[in-house]
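Worksheet for the structure shown next.
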2 protein chains.
Amino acid sequence: MKKYLKILQQCPLFSQIDTENLLRMLTCLGARIEMFDKKYTIIAEGNPAKYIGIVLTGSVQVMRIDYYGNRSILAEAEAGELFGEDFACAEVSAIPVTIIANEPSTVMLIDCSHVLHTCTNNCGFHQQLIFNLMKDLASKTIAFHQKAEITAKRTTREKLMSYLLFQAKKTGSHSFDIPFDRQELADYLEVDRSGLSAEISKLRREGILKSEKNHFVLL
Amino acid sequence: MKKYLKILQQCPLFSQIDTENLLRMLTCLGARIEMFDKKYTIIAEGNPAKYIGIVLTGSVQVMRIDYYGNRSILAEAEAGELFGEDFACAEVSAIPVTIIANEPSTVMLIDCSHVLHTCTNNCGFHQQLIFNLMKDLASKTIAFHQKAEITAKRTTREKLMSYLLFQAKKTGSHSFDIPFDRQELADYLEVDRSGLSAEISKLRREGILKSEKNHFVLL
DNA sequence: AGAAGTATGTTGAATTTTCAACACAATGAG
DNA sequence: CTCATTGTGTTGAAAATTCAACATACTTCT
């Protein structure tokens, strides 16, 4: 557990909680650590949404596959970020998404009911945890709005350009890497992969961007 | 203020808070009540996201208009429901959506900073309010996921059918009203209005549904 | 080095959406 | 009642997406 202290302290769930109390609290909450290989399922759609997940190393993807087999990538979480906390806090009986490891990853899982409902030891940090969860959920909503702003666009080109401009803004540079391969980017933007590839080539020919693999430069 | 007590008690923000305390709290929070005519703007995009809104009568729409003039309807809130709380809780400097009255409406506005940061009177209900906000934000995320599941579909027909099936499930009947006119439904599903009309006619001809104005029957 | 598998780009045909324009019904104001 | 406005359905042409199939790189494994 101590091995991951540094990353846990950066986690929004534990904001304003000092090291000593953090360790005690994790025991009290029954936190456990698990490891997953690349592409392995951490939480499968349809299961009860019990756990708040924290990425300790690696990264995870939140996705859904619809009736027709189309995959949507809904979000990505990297080290220090939470996943599944929205469904766990809403106490839904079945989680509507699947969460997989994007690469070999270590995650911490905390039973959400231990966070929401005061434990018998009354360890006294629930109020801060609930405040932190509230802030986290609010910023998740913002992120979701940003994604919706991109996918609401009508054409592949507009979706792609809004996404790239957003990434450029986020990294503060015209030159940046994206965390997706082509198929994943297509699934994130909710468009056809081959059409996306064609559109990238077109933008390249028009001198609007340069790209190589998952590195992009906006001109 | 007393006039709206009944609806305020149903509001998720005030869950677990009794009448007497509710009234005192509203004063302490500096809650104010405003009225808006149909189609009037309650909160305009770009303004600071200061307020938690509560619909007292009527209903409001959360929407955004993009660069090209396409409107997206993101959500609807009816009496007793909250709006804008996600942005206020995230303390973003500019709200990325516009919120308008869908019909003549009365709303209560509460400065979110009064809720998040303990007031000098220490009226003692902040913990409950923050818990309630956390639960509300979690269920907003669920609702947002449901909308995303609909708009992620690739064709107008699939979007429309998922929407209608969802409404049927929600009302528990194959016969139901929707809260949108055609243009609004198109903006909610993020498709072209005329294409949507054509698709509804087609489904009607195929015997899959009956519809008249905003009333639908799935067969 | 060679083989197998994965990722990416390309193409053309079929499908679907968007867009603009118009007809007609319903609504509301004077 | 009439006129003007708004909402809805229809159509055809243009544009864009999807889909399937394939060529070519790039990886990974032995």
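The figures that follow rest on heavy atoms only: side chains count, while hydrogens, waters and symmetry mates do not. Throughout, a chain's letter reflects where its sequence line sits, starting with A, and its residues are numbered from 1.
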task = Using a strict cut-off of less than 4.0 Å between a Lys/Arg side-chain nitrogen and an Asp/Glu carboxylate oxygen, indicate whether K39(A) and E184(A) qualify as a salt bridge.
result = yes
query = Is a donor-acceptor contact shorter than 3.5 angstrom present between the side chain of R193(B) and the base of dG9(D)?
reply =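 Between dG9(D) and R193(B), which were checked side chain against base, a qualifying N/O pair under 3.5 Å is present.
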ask   = Considering only side-chain heavy atoms of S194(A), which listed nucleotide, dT8(C), dT11(C), dG9(D), is closest?
value = dT11(C)
task = Choose from dT17(D), dC19(C), dT16(C) the nucleotide whose nearest atom is closest to any side-chain atom of T155(A).
result =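 Nearest to the side-chain atoms of T155(A), counting from C-beta on, is dT17(D).
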ask   = For Y188(B), is the NZ or CZ atom of R71(B) found under 6.0 angstrom from the centre of its six-membered ring and inside 45 degrees of the ring axis?
value =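 Cation-pi check for R71(B) and Y188(B): fails.
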Interatomic distance, [X] [atom1] vs [N] [atom2] [rounded to whole Å]:
| X | N | atom1 | atom2 | value |
| --- | --- | --- | --- | --- |
| K153(B) | dT17(C) | NZ | P | 14 Å |
| L196(A) | dG9(C) | CG | P | 8 Å |
| R204(A) | dT8(C) | CZ | P | 12 Å |
| K39(B) | dG28(C) | NZ | P | 14 Å |
| E212(A) | dT8(C) | CD | C1' | 12 Å |
| Y68(B) | dC19(C) | OH | C1' | 16 Å |
| D192(A) | dT8(C) | CG | P | 14 Å |
| N70(B) | dA16(D) | CG | P | 14 Å |

query = Between N214(A) (side chain) and I178(A) (backbone), is there a donor-acceptor pair under 3.5 Å?
reply = yes
ask   = For D136(B), does its backbone N or O pair with a side-chain atom of S139(B) as donor and acceptor, under 3.5 Å?
value =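 Judged by distance alone, yes, a pair lies under 3.5 Å.
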message = By nearest heavy atom, map K202(B) and N214(A) onto DNA chain C; which one lands nearer the 5' end?
response =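 Between the two, 5'-proximity favours N214(A).
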Between [X] and [N], is there a side-chain N or O to OP1/OP2 distance below 4.0 Å?
| X | N | result |
| --- | --- | --- |
| K38(A) | dT28(D) | no |
| R154(A) | dT18(C) | yes |
| R157(A) | dA15(D) | no |

Base, sugar-phosphate or nothing for [X]? Non-hydrogen atoms, less than 4.0 Å.
| X | answer |
| --- | --- |
| D181(A) | sugar-phosphate |
| S197(B) | base |
| T156(B) | sugar-phosphate |

inquiry  = Can you confirm whether the side chains of S162(A) and E149(A) place a donor and an acceptor under 3.5 Å from each other?
reply    =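 There is no such pair between these side chains.
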